[in-house]
Amino acid sequence: MAVCTEKTVWSFMFLLTGAVGQNVIYPLTSTCAVRGSTVTLPCTFTPRKSFSDGQREVPLKIVRVRWCKNHEICQGGTPSVFDSNSTNRDPRYQYLGDMKTNCTLQIRDVQQGDSATFRFRMEADNSKGHFTNMTGVTVRVDDGLKMRIISSSDDKKLSRGETVTLLCASVCTFHQLEVTWFKDGHALSDNGPSLHLSPLTAENSGNYTCALKNINETLSEPYSLQVEAEERQPADGNLPLIVGVVSGVLLAVIAFILFIFIIRRKLAAAEHQRAEGGETEPKDPDNIYSSIQEESHRQETSRAAEDVSYASVQFKHSHERSRHVEEVDNAVVYSSLASRG
Ligand SMILES: *[C@@H]1O[C@H](CO)[C@@H](O)[C@H](O)[C@H]1NC(C)=O
Ligand SMILES: *[C@@H]1O[C@H](CO)[C@@H](O)[C@H](O)[C@H]1NC(C)=O
Ligand SMILES: *[C@@H]1O[C@H](CO)[C@@H](O)[C@H](O)[C@H]1NC(C)=O
Ligand SMILES: *[C@@H]1O[C@H](CO)[C@@H](O)[C@H](O)[C@H]1NC(C)=O
Ligand SMILES: *[C@@H]1O[C@H](CO)[C@@H](O)[C@H](O)[C@H]1NC(C)=O
């Protein structure tokens, strides 16, 4: 049987603690980006705290961090895209990390030459604390990929007044790049990745495409949107509204009948007085009218009628507003929908 010497056990332990003591984690080991965009390579690291020189534990401190392109170790005089020791830096490579735990790198205005594997290296005040994780982050630069339109609604046929958001998407990062939207081949003024259409009208029907600005190859397949002329009437959703309108109309009819009835009574009374030969002067028409109004108003102050008219005024107001305001506040859209549904 092999005999394990104290020394081999000790060095095995050392290897274990060394591996456990320090690491670099790339949460994303491969990514793809469109030329000109900004891509972020997330990264975290744990430095080794100390090492043993045989007699005592010597504390370690990170004094240098760097990122290299396509180099396995990134040590010594290897050219780097970022080096905390160098003042001559390419502003396209921004180190968003620190000297303790965060080693995130951001690449702006991505170029074809950034199709590479990027690796992070930390260097301590003693070479025992130097470490590179050779896995790295592989970046692929692509700008010939077609964009894709994703709709917030599964339905391609939508009704007037509904809301839909179209998203111009790509498998690659295109952060910081503008999007151009087209409707039936004509460019729209929107240049963000999402196109919010609300409330829909028949004019929104058409074939939509999107592309990254000035990169024709990215033009998406058309997305055909059809807005039906009919406003969708949810079967039971509008029932309370219908009941409200009907009872409102009924109340108005009753009020009108009462109105006529009262006028006739007042006129008859005046006629009667005159016929009796009373010398009281005839009431002037304004007075008659205002007293009639008062009375009919009293009849009309039914709670139901007030609620209905208030609700319909509120509804019209928010509807009109969301129709006219170009940049519709989401909350308003939601409330107008909510009052409708
Ligand atoms: C190297 O990076 C990979 C990817 O993030 C990770 O799975 C692995 O644990 C890392 N290794 C070390 C020793 O840090
Ligand atoms: C990098 O800078 C640190 C101090 O910031 C220094 O201790 C170290 O020697 C430098 N390393 C090199 C290789 O210049
Ligand atoms: C690292 O720093 C970047 C930029 O400040 C930040 O976005 C990211 O959340 C940080 N990562 C961690 C793990 O703290
Ligand atoms: C949209 O495209 C379809 C074919 O994909 C075509 O039949 C239709 O006429 C187009 N609509 C408009 C408004 O151009
Ligand atoms: C890109 O498309 C625009 C408008 O559709 C056109 O004027 C231009 O010539 C195209 N460029 C290329 C390189 O195809």
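Cluster annotation: Leu225 is connected to Ile149 through the hydrophobic network of ILVMFWY side chains, with a link wherever side-chain heavy atoms come within less than 4.5 Å. If you chain together hydrophobic residues whose side chains sit under 4.5 Å apart, Ile62 and Leu60 never meet in one group. Hydrophobic clustering (side-chain heavy atoms under 4.5 Å, transitive across Ile, Leu, Val, Met, Phe, Trp, Tyr) groups Val179 together with Leu188. Grouping the Ile, Leu, Val, Met, Phe, Trp and Tyr side chains by contacts below 4.5 angstrom, directly or via other members, places Leu167 apart from Leu200. In terms of hydrophobic clustering, with Ile, Leu, Val, Met, Phe, Trp and Tyr side chains grouped at heavy-atom distances under 4.5 Å, Val81 and Val139 are assigned to a common cluster.
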Item to check | Steps toward side-chain hydrogen bond (donor to acceptor under 3.5 Å, both in side chains) verdict (Thr209, Ser220) | outcome: CA-CA 5 Å; Thr209 49; Ser220 72; 5.1 Å; no
Item to check | Evaluation steps, side-chain contact (heavy atoms from CB on, under 4.5 Å), between Thr218 and Leu145 | outcome: CA-CA 5 Å; Thr218 60; Leu145 277 171; 5.8 Å; no
Next on the checklist: Asn133 vs Thr135, test: side-chain hydrogen bond (donor to acceptor under 3.5 Å, both in side chains). Steps then yes/no.
Outcome noted: CA-CA 6 Å; Asn133 182 334; Thr135 305; 2.9 Å; yes
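Remark: the Tyr223 side chain and the Ser151 side chain contain an N/O donor-acceptor pair separated by less than 3.5 Å. Between the side chains of Thr104 and Asn102, at least one donor N or O lies within less than 3.5 Å of an accepting N or O. Side chain to side chain, His175 and Ser37 fail the donor-acceptor criterion of an N or O pair below 3.5 Å. Between the side chains of Ser205 and Gln226, no donor-acceptor pair is found at a separation under 3.5 Å. The closest side-chain donor-acceptor pair between Gln111 and Asp109 falls under 3.5 angstrom. Side-chain contact of Ser153 with Asp155: a donor-acceptor pair under 3.5 Å is absent, judged by distance alone. Under the 3.5 Å distance criterion, with hydrogens and angles disregarded, a donor-acceptor pair is assigned to the side chains of Ser50 and Glu57. Side chain to side chain, Thr138 and Thr117 meet the donor-acceptor criterion of an N or O pair below 3.5 Å.
Within the 4.5 Å cutoff, no side-chain heavy atoms of Thr173 are placed close to those of Val110. Between Ile73 and Met134 the shortest side-chain heavy-atom distance falls below 4.5 Å. Inter-residue side-chain proximity for Arg119 and His71 is flagged as unmet; no heavy-atom pair is nearer than 4.5 Å. Under the 4.5 Å side-chain criterion, counting only non-hydrogen atoms from C-beta, Ile215 is in contact with Val34. Put simply, the side chain of Arg121 reaches to within 4.5 Å of the side chain of Gln75, judged on heavy atoms. Considering only heavy atoms from C-beta on, Phe174 comes within 4.5 Å of Met147 through its side chain. Looking at heavy atoms from C-beta onward, Cys43 lies in side-chain contact with Val24 at the 4.5 angstrom threshold. With a 4.5 Å cut-off on side-chain heavy atoms, Asp184 and Asn207 count as touching.
The stretch residues 28-50 participates, sequence neighbours left out, in these ring-ring contact (aromatic ring centres under 6.0 Å, His included) pairs: Phe45-Phe120.
When all heavy atoms of Cys68 and Pro79 are compared, the pair lying nearest together is SG-O, 3.6 Å. Closest of all the heavy-atom pairs between Phe182 and Ala211 is CE1-CB, 4.4 Å. Listed here is the closest heavy atom pair of Pro42 and Pro27: O-CD, 3.2 Å. Between Val141 and Gln112, the shortest heavy-atom distance links the atoms O-NE2, 3.4 Å. Of all non-hydrogen atoms in Met122 and Thr46, the two that sit nearest each other are CE-O, 3.6 Å. The shortest non-hydrogen separation linking Ser159 to Val227 is C-CG1, 3.9 Å.
In this structure, Phe118 and Tyr93 have tilted ring planes: the angle between them lies in the 30° to 60° band.
Counted within 6.0 Å of CZ on Arg66, heavy atoms from surrounding residues, nucleotides or ligands total more than 12; the atom is thus considered enclosed. Annotation for Arg140: atom CZ does not count as buried by contact number, only 12 or fewer foreign heavy atoms lying within 6.0 Å. Within a 6.0 Å sphere centred on NZ of Lys213, other residues, nucleotides and ligands contribute 12 heavy atoms or fewer.
Panel note: side chain Asn126, backbone Gly129; no donor-acceptor pair is recorded below 3.5 Å. In this structure, Arg89 contributes its side chain and Ser84 its backbone to a donor-acceptor pair below 3.5 Å. In this structure, Asp98 contributes its side chain and Thr101 its backbone to a donor-acceptor pair below 3.5 Å. Distance alone, capped at 3.5 Å, places no donor-acceptor pair between the Asp190 side chain and the Gly192 backbone. Proximity of a side-chain donor or acceptor of Ser198 to a complementary backbone N or O of Thr163 within less than 3.5 Å is not detected. Although no hydrogens or angles enter the test, the distance criterion places no donor-acceptor pair under 3.5 Å between the side chain of Trp181 and the main chain of Cys168.
The distance from the NZ atom of Lys128 to the CD atom of Gln22 is 11.5 Å, given to the nearest 0.5 Å. One distance of note links CG of Asp125 with NZ of Lys61; it measures 7.0 Å at 0.5 Å rounding. If you take CG on Leu158 and CG on Leu197, they are separated by 9.5 Å, rounding to the nearest 0.5 Å. To the nearest 0.5 Å, the span separating CZ on Arg108 from CD on Gln94 amounts to 4.0 Å. Asp83 CG to Asn88 CG: the interatomic distance, rounded to the nearest 0.5 Å, is 10.5 Å. A distance of 10.0 Å separates CZ of Phe82 from CG of Leu96, quoted to the nearest 0.5 Å.
A salt bridge links Asp114 with Lys69: the closest approach of a Lys/Arg side-chain nitrogen to an acidic carboxylate oxygen falls below 4.0 angstrom.
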